[in-house]
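First the structure, in the form of structure tokens, and then the observations on it.
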Amino acid sequence: PGCSVAQVPVAEGKSVQQTVEILTRKLELLGAEKQGTFCVDCETYHTAASTISSQGQTGKLMYVMHNSEYPLSCFALFENGPCLIADANFDTLMVKLKGFFQNAKANKIESRGTRYQYCDFLVKVGTVTMGPSARGISVEVEYCPCVIANDCWNLLMEFMQSFMGNHTPGIPSVFGTKHDSIYSPADTMVQYMELFNKIRKQQQVPVAGIR
């Protein structure tokens with residue numbers, strides 16, 4: 001199924017939670033029905049210093065991700081690189097590989113929220129958190145009947161405009177690389193990885209006016 005994952009900015013004068021409530025209220029007014037909750041999480045691993053010095057390589061980041069939609073799978077993604085889909089025991093393997101990859105625990109980030117079904121669309125509105133604080137809002141919209149991503153982009157966009165208005169995103173980069181091939185869960189995880197990295201970077205920018 002074709003799927004778009006996008007960040008929605010916090011409404012002016014509102015909190016993250018209030019903006020999430022505004023979005024979900026719009027969905028409910030359209031007739032969307034709640035269908036449980038979801039969670040996507042992402043842990044960052046960096047190449048261990050010993051590996052870099054012994055092999056003269058530059059450090060690489062690897063992201064180990066989970067998605068409640070695929071409870072038996074674990075996704076390992078490299079920036080600009082392949083996405084490995086493994087079974088859930090992959091986490092224990094990462095503990096054994098700590099001589100090569102170290103967990104940057106402070107960088108754990110996740111999105112949690114409510115799933116909504118509206119006709120053939122599945123919508124997930126999530127609050128993105130790092131540590132104890134809410135850092136942003138994610139909206140995932142999936143058009144369930146379609147397996148060729150590019151075939152359904154116009155439909156997805158039209159539906160997103162109905163509740164996201166002028167915050168409707170442009171076509172995801174993974175769509176551009178897929179052309180007429182089949183959309184897979186890994187493509188969704190790549191979009192979440194990009195969204196999480198964008199939110200992490202936004203947090204590193206000093207906020208003007210705070211002394």
Please tell me if the side chains of Tyr116 and Glu28 come closer than 4.5 Å, counting only heavy atoms from C-beta onward. yes
Are any of the side-chain heavy atoms of Tyr45 and Leu97 separated by less than 4.5 Å? no
Are the side chain of Ser4 and the backbone of Val141 linked by a donor-acceptor contact shorter than 3.5 Å? no
d(Leu27 CG, Phe163 CZ) to nearest 0.5 Å is 4.5 Å
Indicate yes or no: at least one non-hydrogen side-chain atom of Leu23 is less than 4.5 angstrom from one of Val139. yes
At what distance, to the nearest 0.5 angstrom, does CD1 of Ile85 lie from CE of Met65? 12.0 Å
Residue list, salt bridge (charged side-chain N to carboxylate O under 4.0 Å, His left out) with Glu21, at least two apart or on another chain: none
Quick check for you: to the nearest 0.5 Å, what is the distance between Leu84 atom CG and Phe90 atom CZ? 5.5 Å
Salt bridge or not between Lys105 and Glu43? Use side-chain N to carboxylate O under 4.0 Å. no
Quick check: does any side chain N or O of Gln191 sit under 3.5 Å from a backbone N or O of Thr188, one acting as donor and the other as acceptor? no
Check whether any side-chain heavy atom of Phe75 lies under 4.5 Å from a side-chain heavy atom of Met193, and answer yes or no. no
Is Val125 linked to Ile22 within one hydrophobic cluster, defined over Ile, Leu, Val, Met, Phe, Trp and Tyr using a side-chain heavy-atom separation of less than 4.5 Å? no
Pairwise distance CG(Leu77) to CD(Glu194) - rounded to 0.5 angstrom: 9.5 Å
From OH (Tyr183) to SG (Cys3), nearest 0.5 Å: 4.0 Å
Looking at side-chain heavy atoms only, is the closest gap between Met62 and Met94 below 4.5 Å? yes
Taking the six-membered ring for Trp, are Tyr118 and Phe159 parallel (under 30°), tilted (30 to 60°) or perpendicular (over 60°)? parallel
Only one of Glu69, Glu142, Glu140 clears salt bridge (Lys or Arg N to Asp or Glu O under 4.0 Å) with Arg115; which? Glu69
Non-neighbouring partners of Thr129 that pass side chain to side chain contact (heavy atoms under 4.5 Å, CB included), sequence neighbours left out: Glu110, Thr127, Ala134
Please report the interatomic distance OG1(Thr19) to CD1(Ile137), rounded to the nearest 0.5 Å. 4.5 Å
Distance alone, cut at 3.5 Å: any donor-acceptor contact between the side chains of Ser138 and Ser111? yes
